[in-house]
Amino acid sequence: LRALRKSYWQISMTVELDSFRQEVRAWISANAPCNWRTADSTHAQFAASQRAWFLKLVDSGYAIPHWPTEWPGGGRSLAEQKIIYEELASADTPRLLLSFVSTYHAFSTIHECGTEAQKARYLPAILKGETWCQGFSEPGAGSDLAAIKCKAERRGGTYVINGQKIWSTMAQYADKCLLLVRTSSEGAKQAGITYLLMDMKAPGVTVRPIHQIQGDEEFAEIFLDNVEVPVSDRVGEEGAGWTVAQATLASERGLTLMELSYRMRGAMGRITQLIRNAGRTEDQGILRDFGRLATQVDAACAVADRFLENRMAGLEAVGDASIVKNSYSRALRAWSAFGVRLAGIDAQYRDPIVFGDLNSGNWMADFMNSYAWTIAGGSEEVQRNIIAERMLGMPREPKGWVA
Amino acid sequence: VIDLNELRDAAQKAFPTDALAPDRDASRRRIVDLGWLMIELPEDRGGLGLGSAAATTVHFEMGRVLNSAPLIPAMLGIHAVSGNAELIEQAISGAYVALPMLPTQVDEDDLLIGTISGVFDADMATYVIVPLPDQIALISTSVAGVRVIERSIWDKTRRLFDVELNNVRPDVILAEGEAAHALNRQLAKSAHLAIAADSLGGANAALAMTVEYLKLRRQFDRPLAMFQALKHRCADLKTLIANAEALLWSLADKSDASLSEFGAMKAYATDVYRTVTEEMIQLHGGIGLTEEHPCHLFMKRAILNAQLGGSSDDLFEARCRELLGEYA
C-alpha cells in the first residue's frame, strides 16, 4: 500500500510538472526573440538585447525561479527550475549572460548575508534591470583567490579602495560590483578579506573590456583608484569576506551546465550538416569519430542530469560539481575542435562572431570560446585537485613552499 | 519496485570485493540460488520482473569482482527463450541456455552447418541460441554433430568456446522473420547494457585499487598519491567513469531508446574501462606487470569486453549514421 501511495504521489507530481512544462513552452514560443544571432552587430547592442530579454522574463515570472516565494516568479522547485532551463535551451533562446551574476551571485550573497537595508535597496532593483558584476579575480589571484591584494583602508564611515580586478563578466555594462578586498595582511590570507558592494559609477572606477582572442569582449578589467565605499555597503563583518564569498560561489549548482550541455546537444545538427556539406557521409573515420563525439556529448548531458537529480534527492557529494564542469568543458572543446577539423579551410575565413553562443557554428570562434569553460569558474586543474583530494581522498601537497 | 541499494548490498555480501574472479562453478550455483538469472524476466513468464535497472545493478556488481560464471549470456539466453514455457522451466531448474556474445557464422537451413563463436562456458551449457539472419534457433549441445571447443583467451577470468555445428537439426525455432529481428534487437540492447555495466563495475574497482596503491606506495619520501601529476590522472579517470556511468543509468530503464544509442553507450563504457585499466598498470609500475598482481586481470577483461556485442568502431559508426538520418 505504501508503494502504491508513493507511486500515486509521483504520478500527480509528474502531471503537474508536465503542465508546467507546457506553460513554459507556450510562453517561450510566443515571446522568445527571433533571429537573435544576427540581430546584434556590436557588443553594446548585444548587452541591450540581453537586458530586454531578461526584463521580459522577469515580467513573465521565469527569470528568478530560484528566489524565495515572496518574489514574483520565485519559489520554484529545483525540478521546475530544471524545466525552465531545459525549455529555454531546447527553444534555442539567447542565454542569460548579462543578468546571471545579478540573479545568482548578487542575490544569494545579499539574501543570505546582507543586512535588511541592503536587501531592501538591492534585491528589488535587480528585477528592474540593475546589473551586477563580480570583482573577485586579480592579475595575481586566479586559482588562488585568497591571494588578492586589492586594498581597502577604513577612513571613518568609508573604505577607500585601491587595486585592480580582472575577468569580470560584462563589467563594462554593470551598475554594481561584488567586491573582495584586503583589509588586513595579518594571519592567514583568507582572514584579511572583506566583502563590499561597490557602485560602478563611483569616482575612481575605470573599466576596460578585455579583447579576447576570438574578438569577443565578454570580460573586463576594473581599475580602482581611491574609490570610496560606505561601510554600510559591507557584507558581513570586516575580515569575514572569505566566508561570504562562499555563498556567492555556491549560488548556482548545476543548472547552467545542464542548460549548456543541452544547448550543445541541440546544436549537433550543425555538425551533421557539416559532414553532409563536406561530402563525408561515407567517410568511416569521420563517422566513427562523430559517433564517439555525440556519445561524449550525451554523456555530459547525462552527468549534468544525474547531478541535478541527486541534488533533488539530497544526495550531492563533494566533488560532483567538479565532475560536471570538467565533463562539459571537455565535451565542448571536442565539439568545437571537430567542427574546425571538418570545416577545413572554410573555418579559416573570418566571419562575424555570435555574442553569447558557445555553439554558433563559427568553428574557430567556438573553439577559442570553449577555453572559457576549462579556465573560468575554477580551472580544470583546480577541479582535478578537488576530485582527487576530496572524492578520491588523495593527500594534499605539503604547504609552505618558499622560493 | 525494488530498492536498487538493497540489491547492491546483497550482491556485495554474496560476492565480496576482496575475492576477485571467484570460483566459476560455485559462483554459478550462487547466482542461480539468488534468482539473479530471472531478475528481469516478467512475472507472467516465471521471472521476478524487477526491470532492467535491477539487472544492470547485478551486472555492475559482478563486473566489480571479475565474475567468472556465465551470467550475462545466461540471463540473455533466458530472455531469448522466454516465449517457451518448457524451456523457461528447465532454465529455472538450472539448465544453462547460452546466448553467444560474438557474431555467428552459420548457414540458415534445415540442418545447421558452421561455427558459433563467443559462447561463454559452453562446457556447462545445455542449449545454445543460434541467431541467424531471419531466424533465431535453439540447439541442444548433447545432440550429434555439435562439438564444443574451448578457445584459449587472454582474459583468465572467463572461459570462451566455439560451438561447431555439422548438420545439426535445431531443437526449436524460437522466432522467425520480423519477430526474430525484433528479438535480436532486444537482445542486443540488453547485451550492450549488461556489458557496459560489467565494464563500469570493473572500472570502478580498478580505479579504487589504483588510488589505494598510490596512497600506500612511497617514493621520494612521500606517498605517490601526493604528486599532482598522478592525482590529475586519477581525477580524469574518475570523470571518465562518471560520464560513462551516467550514460549507462540514463539508458538502464529507457527501452525506447534506439539500438544505436545502446551500442554507442556500450562502446563508450568499454573504451573507458580499457583506458582505466591501461592507466592502472602504468600507475602501479612494475608490480602491475606481474602475473600475481590482479591489474592484468582487469585489463584483459576490459579489452575482451570491447569486442563483445560489436566493436567500438562499428558501434560509433552506426550511431553516427542514425544521427545523420535524424538531422537529415
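So that the names make sense, note that chain A is the first sequence line, chain B the second, and so on, each numbered from 1. Side chains are part of it too, since the values below use all heavy atoms of this structure and drop only hydrogens, waters and symmetry mates. Everything numeric in this text was worked out from a predicted model, so none of it was measured.
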Practice task
For B:K231, look at atom NZ and say whether over 12 heavy atoms of other residues, nucleotides or ligands are found less than 6.0 Å away.
Solution key: yes

Fill in the blank from the handout: If one checks every heavy atom of B:R321 against chain A at 4.5 Å, the contacting part turns out to be side chain

Problem - chain B contact via A:Q273 - which portion, at a heavy-atom distance below 4.5 Å - result: neither

Handout entry: A:R276, CZ atom: more than 12 neighbouring heavy atoms under 6.0 Å
Key = yes

Completion exercise
Whatever's closer than 4.5 Å to a heavy atom in chain B on A:I275 counts as side chain

Problem - Face-on cation placement of A:R333 at A:Y371 ring, 6.0 Å and 45° thresholds - result: yes

Exercise for the section: Could you tell me whether A:D305 and A:K82 have a side-chain N and a carboxylate O separated by less than 4.0 Å? Expected result: yes

Practice task
Tell me, out of A:G269, A:A294, A:G285, A:C301, who's got the most heavy-atom pairs with chain B below 4.5 Å.
Solution key: A:G269

Exercise for the section: Using the ring of A:Y262 (Phe, Tyr or Trp, six-membered ring only), decide whether A:R265 places NZ or CZ under 6.0 Å from its centre and within 45 degrees of its axis. Expected result: yes

Exercise for the section: Give, as side chain, backbone, both or neither, the part of B:L214 having an atom under 4.5 angstrom from any heavy atom of chain A. Expected result: side chain

Handout entry: Proximity breakdown for A:D289 and chain B, heavy-atom pairs closer than 4.5 Å
Key = neither

Handout entry: Which of B:P223, B:A235, B:A208, B:A318 touches chain A most, by non-hydrogen pairs under 4.5 Å
Key = B:A235

Exercise for the section: May I ask you to name which of A:Q296, A:M391, A:E309, A:E380 has the most heavy-atom pairs under 4.5 Å with chain B? Expected result: A:Q296

Fill in the blank from the handout: When the 4.5 angstrom heavy-atom criterion is applied to A:E381 and chain B, the contacting part is both

Exercise for the section: Tell me, out of A:E389, A:M268, A:R288, who's got the most heavy-atom pairs with chain B below 4.5 Å. Expected result: A:R288

Practice task
Dump the intermediate steps for side chain to side chain donor-acceptor pair (under 3.5 Å) on B:N305 and B:D198, then the final yes or no.
Solution key: CA-CA 9 Å; B:N305 275 5; B:D198 182 273; 3.0 Å; yes

Practice task
Find the one option among B:L207, B:D271, B:L230 whose heavy-atom pairs under 4.5 Å with chain A are most numerous.
Solution key: B:D271

Problem - side chain to side chain donor-acceptor pair (under 3.5 Å) between B:S260 and B:R319, worked out - result: CA-CA 5 Å; B:S260 93; B:R319 178 74 190 126; 3.1 Å; yes

Practice task
Answer yes or no: is there an ion pair linking A:R21 with A:E80, defined by an N-O contact shorter than 4.0 Å?
Solution key: no

Exercise for the section: Could you look at A:R330 and say if it's the side chain, the backbone, both or neither that has a heavy atom under 4.5 Å from chain B? Expected result: neither

Practice task
For atom CG of B:D256, decide whether the heavy atoms of other residues, nucleotides or ligands shown that lie under 6.0 angstrom number more than 12.
Solution key: yes

Handout entry: Engaged part of A:R306 at the chain B interface, taking heavy atoms whose separation is under 4.5 Å
Key = side chain

Exercise for the section: Could you look at B:A242 and say if it's the side chain, the backbone, both or neither that has a heavy atom under 4.5 Å from chain A? Expected result: both

Completion exercise
One option among A:G319, A:A388, A:A299 has the most heavy-atom pairs under 4.5 Å with chain B, and it is A:A299

Handout entry: Exceeds 12 heavy-atom contacts within 6.0 angstrom, atom CD of B:Q282
Key = no

